[in-house]
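Please read the structure below before turning to the comments.
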Amino acid sequence: MHNIKDFRDNFENFKKILKFRNYENNLDDVLHLDKENRNLIQEKEKLEMEKKSISKTKDQSLFVKSKEISLKIDKLSKKQKEIKDKLDIILKAIPNIPLKDVPLAKDEINNKEISKSGEIKNFNFEPKSHYEIGEKLNMLDFDLATKTTGSRFVFVKDKLAALERAISNFMIDTHTQKNGYKEISPPLMATENTMFGTGQLPKFEDDQFEIKFDDKNDRKFLIPTAEVILTNMVKNQILNLKSLPLRLVASTPCFRKEAGSYGKDTKGMIRQHQFYKVELVSIVENNKCNEELERMTNCATKILDDLNLPYKKIILCSGDMGFSAEKTYDIEVWLPSEKKYREISSCSSCGTFQAKRMMARYKNNENKTEYVGTLNGSGLAVGRTLIAVLENYQTEDGSVIVPEVLRPYMGNIDKISLN
RNA sequence: GGAGAGAUGGCUGAGCGGUUGAAAGCACCGGUCUUGAAAACCGGCAAAGGGGCAACUCUUUCCUGGGUUCGAAUCCCAGUCUCUCCGCCA
């Protein structure tokens, strides 16, 4: 969320940049509401001061007047609250402002490639898609999932289930043992306020699965990513400088409605309502966001290096970034069957945008209270890594070589074949 | 599910109708001492919001929301959460 003061001071600039974030609403209302809100606050404070001084005198003859002032204050407060609410509704739905090195453009074709890595393998046969491979092996079952649950779910079975688990464990171990992240096994549900903190609410409610509880005032949602729950660990806190940077990793299922992507990636397990993801979250001093983003992205790409999967790194343009992000790198992995790169990780710095929503702060070395910087990134999406391994490590007879680094996690088998 | 206890500043914890934004301790920041560090001693230190170029100043805030009162951290009501005991289940 933006500080209304920054917003006011840089109004024209905000207005211009927000167009490139595909935010088209009229922003002039914000200024009017802000002005009205501040006027009302001033009026109210004047009366409060008067009332306070009366009660200090303990002069009985003034008590009646004090009572009258109270009534006036009530009325003003109510009005002020209404205006403030209106203002907040708009403010809460305005996306973060991109950093200067982010390409200013509305459309994803303006994303910029930063680097390419790894070698694309030449198959001497036509490489199959992951779902063909998986179904032939009898280890991916989409029809069964449709029967029990519905579309966009999958049963992963047998050696592929083990492979999926191996991928997840390998990633977590790497991040905890080599990259300095602390492992967390968090709740998979979050409250409305938690979802607000990272920016999933109020704007993207349609993408979330809500869980029915008995108490209607206490809404709960399945997490669409562990980012939500990990980042909110520091909600409503003032952290000690010594506890920063805080680096957290979790492997969790993620749940997404994928509203608005009907007809997209309907085949296979690229786009599911439920998938595993290893998520990295960093809480840092707010002037260290940029270096932390580089570090985090490197932690993610290192996994692909270790798995020997070809990938490229791109920087997203302003229009393609998520709501809370100020700068985002996407990492795309090569899929032989599609003959193109597909997203497997997204690493973002959110600056202080989420911290302001969460009221997450720290004492800097001058003992001043400041908002923390928050970052999140996939390290990596487990389901999509499984896809990439299946496709890049397939052989002509339909079996799949197990990548070397994963073998210790799979009882040292080196190949998955039809048995 | 039944019976109690509690929720106060970054943390621990006093206060239970009137300069209490809140004692004390810890943590943190600055200083003295020390070759350096530690210890000791001295000083500082809540947050949010409003006004002001600034120095500064005002308002709000002691779980949340209502109520009583001229005045509430303190009294009343409702809710949320936490802890202890009993029952039940993993």
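Below, read A as the first sequence line, B as the second, and so on, with proteins coming before strands; counting in each chain starts at 1.
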Suppose we screen for salt bridge (charged side-chain N to carboxylate O under 4.0 Å, His left out). Which residues come up paired with A:Asp34, at least two apart in sequence or across chains?
A:Arg8, A:Arg38

Should the pair A:His2 and A:Phe7 be assigned to parallel (<30°), tilted (30 to 60°) or perpendicular (>60°) ring geometry?
tilted

Taking the same atom, P, in B:A37 and in B:G30, what whole-Å distance lies between them?
12 Å

Paired to B:U84 by Watson-Crick or G-U wobble criteria (both distances under 3.5 Å) is B:A3

Run the side-chain contact (heavy atoms from CB on, under 4.5 Å) test on A:Thr191 and A:Arg219 for me, step by step, so that the C-alpha distance in whole Å, both residues' side-chain angles and the decisive distance to 0.1 Å come before the verdict.
CA-CA 6 Å; A:Thr191 60; A:Arg219 304 178 72 194; over 6 Å; no

Using OP1 and OP2 only, check whether a side-chain N or O of A:Lys363 sits under 4.0 Å from B:A47.
yes

Test applied, side chain to side chain donor-acceptor pair (under 3.5 Å); reference residue, A:Thr328; option that passes from A:Ser348, A:Ser318, A:Ser346
A:Ser348

Below 6.0 angstrom between ring centroids: does that apply to A:Phe204 and A:Phe323?
yes

List, with names and distances, any nitrogen or oxygen atoms from the protein found under 3.5 Å away from nitrogen or oxygen atoms belonging to nucleotides 66-72 of chain B.
unit_1, atom_1, unit_2, atom_2, d
B:C70, O2', A:Ser66, OG, 2.7

Respond yes when some side-chain nitrogen or oxygen of A:Arg38 is under 4.0 Å from OP1 or OP2 of B:G51, and no when none is.
yes

Contact class for A:Lys65 (heavy atom, under 4.0 Å): base, sugar-phosphate, or nothing?
nothing

Measure from the side-chain heavy atoms of A:Gln42 and tell me the nearest of B:G49, B:G51, B:A47.
B:G51

With respect to the side chain of A:Met359, which nucleotide from B:A27, B:A48, B:G50 is positioned closest?
B:A48

Sub-3.5 Å pairs of nitrogen or oxygen atoms, protein against nucleotides 55-63 of chain B:
unit_1, atom_1, unit_2, atom_2, d
B:U59, O3', A:Glu48, OE1, 3.3
B:U59, O2', A:Glu48, OE1, 2.5
B:U60, OP2, A:Lys52, NZ, 3.1

All salt bridge (charged side-chain N to carboxylate O under 4.0 Å, His left out) counterparts of A:Glu183, not counting sequence neighbours:
none

Pairs where residues 220-232 of chain A contributes a residue and the test salt bridge (Lys or Arg N to Asp or Glu O under 4.0 Å) is met, not counting sequence neighbours:
A:Asp218-A:Lys220

Here the salt bridge (Lys or Arg N to Asp or Glu O under 4.0 Å) pairs for residues 134-148 of chain A, sequence neighbours left out, are A:Asp141-A:Lys157

